[in-house]
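For this chain, numbers begin at 1 and follow the sequence in order.
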Amino acid sequence: MAARASDMTPIDDQPLRPRGTARILYVSDPSSVARKLLPDPVREQDLRRWVDIVADSGVDIFDQEVFSMGWTVYWQSDRYEYDRRPQHRRFLPLLAEGIQPLDILIDQAHKRGMRFVAGLRVNDNHGHQAREQGVGIAEYIESNPHLQLKDFPAGEYYELSEPLDFSFPEVREFTLGVVQELCARFAIDGIELCYRDHAYFPPHKGKERAGLMTELVRQIRATLDERGSALLGARVFSTIAECTWLGLDAPAWIAEGLLDYISPQDSMYADFSVPYAEWATLTRGCECMLYPGLLPWTSFRARNRRGQSPISADTARALAQTMYRAGADGLSPYNHFVPTLWHPPFYPQAMQVFHQLRDPEAIAGRERHYIFDPTWAGMTGFGAEGKCSTGAVKAQKILLDRGDPPAAGEYLFYLYEDLTQTHHATLMFRGTGMTENDRLEICLNGHLIPDEAIGRTLPSDAQPTSEEDLTRAEGEKRLPCFPERGWYDLRPEPGPAFSTRWFSLSAAMAVDGENILSVALVAGDAQAEGPIVIDEVEVWVDPR
């Protein structure tokens, strides 16, 4: 196998320290930048300016996704169809002159000292949006219905696209051909395979057919090895169990030396509960780097409650701290551009936090805000409430029934913090249906929190939708993205009333790693009805 690039190899064998020198792997999706940053028509200087913005933000590896939904973007091919969507027509004047926008991106990335990776969306699920735009879907997918996956579980989201079945050799050859053409025509430094969509094999067949996808990854690795030190990365679902169910044998890809990096992540949300340490166990014994995905929202609920507003810099630092301390070598901003379509500080200002996130010492010196909330609670698009496309339920909660105190429950969360090295830390949790008169017994890792040390609020923390938000949303075009809400609604989601409890954390009670918050309802408010649901826990850490 060909030698790997020097900046991707370990610099030492000490655990939990990032290896190599590449820290930030930035992913630009096929359309967001084209729609909202680049002008129409696009000129060469516009593309170079875009790359400069990325480089000036401290990015080491630039991944521009260049193939999705059976279409090429930023390049044209005799074999593969060019993206029909309106946002990609702005590149046609350059293409008519014989200039491939992809060549410009690669050239400028190299001039700015970045590695350039060409990303492939494997079974991208945005076909419904292309249909809404009136352009249909790729000819290859449309004309080969027998190669499409069928018999999905109940759920509206499963019906929004026509994914291909990788059981068929024709589908695997179609994908391999894209890699081969990119390698033959462009001076790319590598390929990323982005697996973030509904399925790749028929339901319940993923595990038994995983060898077919592994063989495709081997073929892609061999294609890249012909180029010498070209990188191969894979973006996969957050847990090994989810990957296994889908037929993505990521542990085998790592063990076999097929990958230079892997980026586990939820498909949409920045989940603090991803078992990053399990992934680090796989990567630390080899040269495969671990770059977990850093996404712009923490949960489906938070995304809508806050009107699509992205996570704060404090929360991004907390995520990075979690990743590094669990064994990551860097991190990978993904979908980062999307919320800045609507919210300040927009680009390029929104990217400047990357300079902090690439440096674990800089992160340790700034405040960090951890948010543990139910990633997919409120989502019904994949069947049962709280389920994501893999079938995993990501909606942890404590349920306290008022009918029979002392009802009790536990909430597990990862907090990679040495509190002896901090100035102050506070833990807060919200209880929907809880009032200030409910008497609770609260323990952290078996340590009882005295009642006098616990702060509380009145049950008046509901976040209603304002008239201003209603008016603004009515005047904006929305895409059909959330079936349960009807449209891609930019309005904050009204929330039920809840009460909040908080207390100061000490090094004696908190664990550097997995923590257990235990809550028991000792005596319920006689005026209150219904259960108490505790599913949002937050921690603030202020460094010395």
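- Residues Lys207 and Trp245 are not in side-chain contact: their nearest non-hydrogen atoms beyond the backbone lie 4.5 Å or more apart.
- When atom types are taken as modelled, the side chain of Tyr26 and the backbone of Ser57 share no donor-acceptor pair closer than 3.5 angstrom.
- The closest side-chain heavy-atom distance from Cys388 to Met379 is not below 4.5 Å.
- The pair Asp46-Arg49 does not meet the salt-bridge criterion, since no charged nitrogen lies less than 4.0 angstrom from a carboxylate oxygen.
- Looking only at side-chain heavy atoms (C-beta outward), Thr72 and Asp83 stay at 4.5 Å or farther from each other.
- For Arg84, the side-chain hydrogen bond (donor to acceptor under 3.5 Å, both in side chains) test picks out Glu81, with sequence neighbours left out.
- Residues passing the ring pair (Phe, Tyr, Trp, His ring centres under 6.0 Å) test with Phe116, sequence neighbours excluded: Phe62.
- A 4.5 Å side-chain heavy-atom check between Glu162 and Glu142 finds every atom pair outside the cut-off.
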> Should Cys286 and Ile254 be marked as a side-chain contact (heavy atoms from CB on, under 4.5 Å) after you check the CA-CA gap, both sets of side-chain angles, and the distance that decides it?
Replying inline: CA-CA 8 Å; Cys286 62; Ile254 295 169; 3.6 Å; yes
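- Between Gly247 and Met213, the shortest heavy-atom distance links the atoms O-CB, 3.7 Å.
- For the pair Arg209 (side chain) and Gly206 (backbone), a donor-acceptor distance under 3.5 Å is absent.
- Note that CD of Gln219 is 8.0 Å distant from CD of Gln180, once rounded to the nearest 0.5 Å.
- In this structure, CD1 in Ile311 is found 11.5 Å from OG in Ser299, a value given to the nearest 0.5 Å.
- For residues 240-255, the set of pairs meeting the salt bridge (Lys or Arg N to Asp or Glu O under 4.0 Å) definition, not counting sequence neighbours, comprises Glu242-Lys394.
- Residues forming a side-chain contact (heavy atoms from CB on, under 4.5 Å) with Pro86 (at least two apart in sequence, or on another chain): Gln133, Val135.
- Rounding to the nearest 0.5 angstrom, the gap separating the CD1 atom in Ile99 from the CD atom in Gln76 is 12.5 Å.
- Look at Lys150 and Asp165 and you find no salt bridge, because none of the NZ, NE, NH1 or NH2 atoms lies under 4.0 Å from a carboxylate O.
- No donor-acceptor pair closer than 3.5 Å links the side chain of Tyr82 to the backbone N or O of Tyr74.
- Annotation: ring pair (Phe, Tyr, Trp, His ring centres under 6.0 Å) contacts of Trp75 (sequence neighbours excluded): Phe186.
- When atom types are taken as modelled, the side chain of Arg90 and the backbone of Leu38 share a donor-acceptor pair closer than 3.5 angstrom.
- One N or O on the side chain of Arg23 and one on the backbone of Gly20 form a donor-acceptor pair closer than 3.5 Å.
- Residues in residues 171-190 take part in these salt bridge (Lys or Arg N to Asp or Glu O under 4.0 Å) pairs, two or more places apart or across chains: Glu181-Arg185.
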Please table the atom pairs, donor to acceptor, closer than 3.5 Å between any side-chain atom in residues 330-337 and protein atoms at least two apart or in another chain.
from   : atom 1 : to     : atom 2 : distance (Å)
Ser332 : OG     : Leu25  : O      : 2.9
Ser332 : OG     : Arg235 : NH1    : 3.3
Ser332 : OG     : Arg235 : NH2    : 2.8
Tyr334 : OH     : Arg121 : NE     : 3.3
Tyr334 : OH     : Arg121 : NH2    : 3.2
Tyr334 : OH     : Arg196 : NE     : 3.3
His336 : ND1    : Tyr347 : OH     : 2.6

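- Listed by chain and residue number, Phe272, Phe413 satisfy the ring pair (Phe, Tyr, Trp, His ring centres under 6.0 Å) test with Phe372 (two or more places apart in sequence, or in another chain).
- Among all heavy-atom pairs drawn from Thr283 and Ile262, the shortest one is CG2-CG2, 4.0 Å.
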> Given Leu47 and Phe91, is the side-chain contact (heavy atoms from CB on, under 4.5 Å) satisfied, shown in steps?
Replying inline: CA-CA 10 Å; Leu47 292 168; Phe91 299 99; 4.0 Å; yes
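- Residues Leu95 and Gln100 are in side-chain contact: their nearest non-hydrogen atoms beyond the backbone lie under 4.5 Å apart.
- The closest donor-acceptor contact from the side chain of Arg227 to the backbone of Ile188 lies under 3.5 Å.
- The two residues Val59 and Met114 make their nearest non-hydrogen contact at O-CG, 3.4 Å.
- No donor-acceptor pair closer than 3.5 Å links the side chain of Gln64 to the backbone N or O of Leu102.
- Within the 4.5 Å cutoff, the side chain of Pro292 has no heavy atoms near those of the Val274 side chain.
- Remark: the Tyr261 side chain and the Glu192 side chain contain an N/O donor-acceptor pair separated by less than 3.5 Å.
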>> Show, in sequence, the C-alpha distance, side-chain angles and deciding distance for Thr380 and Glu385, and conclude whether the side-chain hydrogen bond (donor to acceptor under 3.5 Å, both in side chains) test is met.
In response: CA-CA 5 Å; Thr380 59; Glu385 194 269 341; over 6 Å; no
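- Looking at residues two or more places apart in sequence or on another chain, you find a side-chain contact (heavy atoms from CB on, under 4.5 Å) between Pro163 and Asn123, Leu149, Phe152, Ser161.
- With sequence neighbours excluded, the residues that form a side-chain contact (heavy atoms from CB on, under 4.5 Å) with Asn144 are Tyr140, His146, Leu147.
- Side-chain contact check for Arg284 versus Asp329: some heavy-atom pair is nearer than 4.5 Å.
- In summary, of the residues considered (Tyr269, Phe300, Trp297), a ring pair (Phe, Tyr, Trp, His ring centres under 6.0 Å) with Trp376 occurs for Tyr269 alone.
- Side chain of Asp266 to main chain of Asp271: no donor-acceptor pair is present (N/O by atom type, distance under 3.5 Å, no hydrogens or angles).
- To the nearest 0.5 Å, atoms CD (Gln148) and CD1 (Ile137) are separated by 6.0 Å.
- A salt bridge links Asp225 with Arg221: the closest approach of a Lys/Arg side-chain nitrogen to an acidic carboxylate oxygen falls below 4.0 angstrom.
- By the 4.5 Å heavy-atom criterion applied to side chains, Thr223 and Leu176 are counted as neighbours.
- The heavy-atom pair separating Leu290 from Gly327 by the smallest distance is CD2-O, 4.0 Å.
- Relative ring orientation between Phe382 and His198 is described as perpendicular, the plane-to-plane angle rising above 60° on a 0-90° scale split at 30° and 60°.
- Interatomic distance, Asp535 CG to Thr375 OG1, rounded to the nearest 0.5 Å: 10.5 Å.
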> What's the verdict on side-chain contact (heavy atoms from CB on, under 4.5 Å) for Arg358 and Asp60, showing C-alpha distance, side-chain angles and the deciding distance?
Replying inline: CA-CA 10 Å; Arg358 63 177 295 110; Asp60 301 292; 2.8 Å; yes
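- Tyr80 is linked by a ring pair (Phe, Tyr, Trp, His ring centres under 6.0 Å) to Phe67, Phe174, counting only residues two or more places apart in sequence or in another chain.
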>> With side-chain contact (heavy atoms from CB on, under 4.5 Å) as the criterion, how do Leu120 and Cys194 come out once you've worked through the C-alpha distance, each side chain's angles and the decisive distance to 0.1 Å?
In response: CA-CA 6 Å; Leu120 277 68; Cys194 179; over 6 Å; no
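- Under the side-chain contact (heavy atoms from CB on, under 4.5 Å) criterion, Asp197 pairs with Asp124, Asn125, Tyr200, sequence neighbours left out.
- How far CG of Asp103 is from CD of Gln108: 13.0 Å, rounded to the nearest 0.5 Å.
- For the pair Gln87 (side chain) and Ser32 (backbone), a donor-acceptor distance under 3.5 Å is absent.
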